[in-house]
Amino acid sequence: MSDPSAAHEAGMAVRREVLGDAHVDRAVAGTTAFSAPFQEYITSAVWGSLWTRPGLDRKTRSCITLTALTALGCTDELAMHVRAAVRNGLSAAEIGEVLLHTSAYTGVPAANSAFAVAQRVLAELGEPSAIVDDDAS
Amino acid sequence: MTSTTPRHDINSPDNLARRRHGESVLVKIDGHQGEAVVDSLADINPAFGHHVAAFVFGDIYDRPDLDARGRQLVTLGVLTALGGCEPQLKVHIGAAMNVGISRTEITEALLHAAVFCGFPRALNATFVAREVFAERDDSAGK
């Protein structure tokens with residue numbers, strides 16, 4: 001894809017599909033002259049030229065993204081990518097399994113933070129298995 | 001359970017069964033390279049080898065909801081992101097190939113990880129992949 005505007009268009013389309021319009025609209029509205037080059041980079045290079053590649057489907061890309069963010073302790077980004085993972089078709093059980101698997105490699109503390117973030121996001125999305133039952137106690 | 005052996009005794013019947021189960025899962029995925037890692041701990045810390053086999057492989061790797069391919073791709077992602085895990089990457093890139101993940105999928109996973117963990121760690125992981133691919137080619141040519 002040699003046309004830079006084509007990479008931007010392709011990237012914006014994938015970004016909207018994976019993250020949802022509400023999130024992308026907020027990011028676009030919040031873009032300033034200061035952050036515009038970074039926004040352009042993530043849209044064209046990451047969403048347009050990486051997430052559009054063949055070789056791995058989006059579910060698999062989401063799994064790898066969740067595990068890398070857990071390992072790095074990037075919990076804010078993890079919340080966004082748990083939502084993205086659901087949009088890409090991962091079930092709550094699969095997301096939990098990715099994090100449990102990851103815990104063996106990152107150590108328990110990083111995975112503990114990741115579980116807390118993922119549970120909060122899944123509960124916000126109405127996932128029954130992630131909602132704390134206050135009446136259970 | 002009438003056994004009086006302590007829970008941490010790695011050779012209690014329970015723990016032995018658990019380890020044997022883990023080792024059978026480990027051999028299926030990592031081949032004999034993984035087994036060699038567990039065996040190499042026998043002299044310095046056999047309990048560590050027990051934890052790797054019994055808990056990581058016996059418990060986690062054998063769970064449902066993520067198949068063997070998914071688990072290896074997740075493992076490649078996390079080892080790349082952690083950085084400094086090149087020896088483990090070597091084992092798990094081999095394991096990825098053992099469970100049917102193609103070379104293209106492996107290099108693609110590492111390229112995908114580059115965006116999230118930075119290019120240097122993903123480059124190091126890619127160089128390990130090249131080494132593993134070359135070793136496979138060599139042994140196939142023999």
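Within every chain, numbering begins at 1; the chains are lettered A, B, ... in the order of the sequence lines, protein sequences first and strands thereafter.
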| note | Looking only at heavy atoms, the pair that brings Ala104(A) and Ile60(B) closest together is CB-CD1, 4.1 Å
| Counting heavy atoms not belonging to Arg130(B), are there more than 12 under 6.0 Å from its CZ? | no
| said: Starting from Ile10(B), can I reach Leu16(B) by hopping between I/L/V/M/F/W/Y residues whose side chains sit under 4.5 Å apart? | reply: no
| said: Just so I understand: if I count every heavy-atom pair under 4.5 Å between each of Leu73(B), Asp59(B), Val115(B), Val74(B) and chain A, which residue has the most? | reply: Val74(B)
| query | Between Leu69(A) and chain B, which part of the residue has a heavy atom less than 4.5 Å away: side chain, backbone, both or neither? | reply | side chain
| task | List for me each residue that meets ring pair (Phe, Tyr, Trp, His ring centres under 6.0 Å) alongside His81(A), sequence neighbours excluded, and say none if there are none. | result | Phe116(B)
| field | For the student: nearest non-hydrogen atoms of Ala68(A) and Ala81(B), plus distance | value | CA-CB, 3.7 Å
| Rounded distance (nearest 0.5 Å) linking atom CG of Leu100(A) with atom CZ of Arg71(B) | 7.5 Å
| Do Leu78(A) and Val18(A) belong together in a cluster built from hydrophobic side chains that touch within less than 4.5 Å? | yes
| field | Best-contacting candidate, Glu105(B), Arg121(B), Gln88(B), Arg63(B), against chain A by heavy atom pairs under 4.5 angstrom | value | Arg63(B)
| message | Can you tell me which portion of Leu79(B) sits under 4.5 Å from chain A's heavy atoms? Options are side chain, backbone, both or neither. | response | side chain
| remark: Among Thr104(B), Leu111(B), Val56(B), the residue with the most heavy-atom pairs under 4.5 Å to chain A is Leu111(B)
| Taking C-beta and beyond as the side chain, do Thr70(A) and Val78(B) meet within less than 4.5 Å on heavy atoms? | no
| task | Would you indicate whether Asp76(A), at its atom CG, is surrounded by more than 12 heavy atoms from other residues, nucleotides or ligands within a distance under 6.0 Å? | result | no
| field | Hydrophobic cluster identity match, Leu110(B) and Leu66(A), side-chain contacts under 4.5 Å | value | no
| request: For Asp65(B) and Ala93(A), work out which heavy atoms get closest and say how close. | output: OD2-CB, 3.5 Å
| How long is the span from the NE2 atom in His112(B) to the SG atom in Cys63(A), to the nearest 0.5 Å? | 10.0 Å
| If two hydrophobic side chains count as joined below 4.5 Å and joins carry through other members, does Phe127(B) share a cluster with Val132(B)? | no
| message | Please classify the contact of Leu72(A) with chain B as side chain, backbone, both or neither, using a heavy-atom distance under 4.5 Å. | response | side chain
| message | Would a single hydrophobic cluster contain both Leu99(A) and Leu76(B), if residues Ile, Leu, Val, Met, Phe, Trp and Tyr are joined by side-chain heavy-atom contacts under 4.5 Å? | response | no
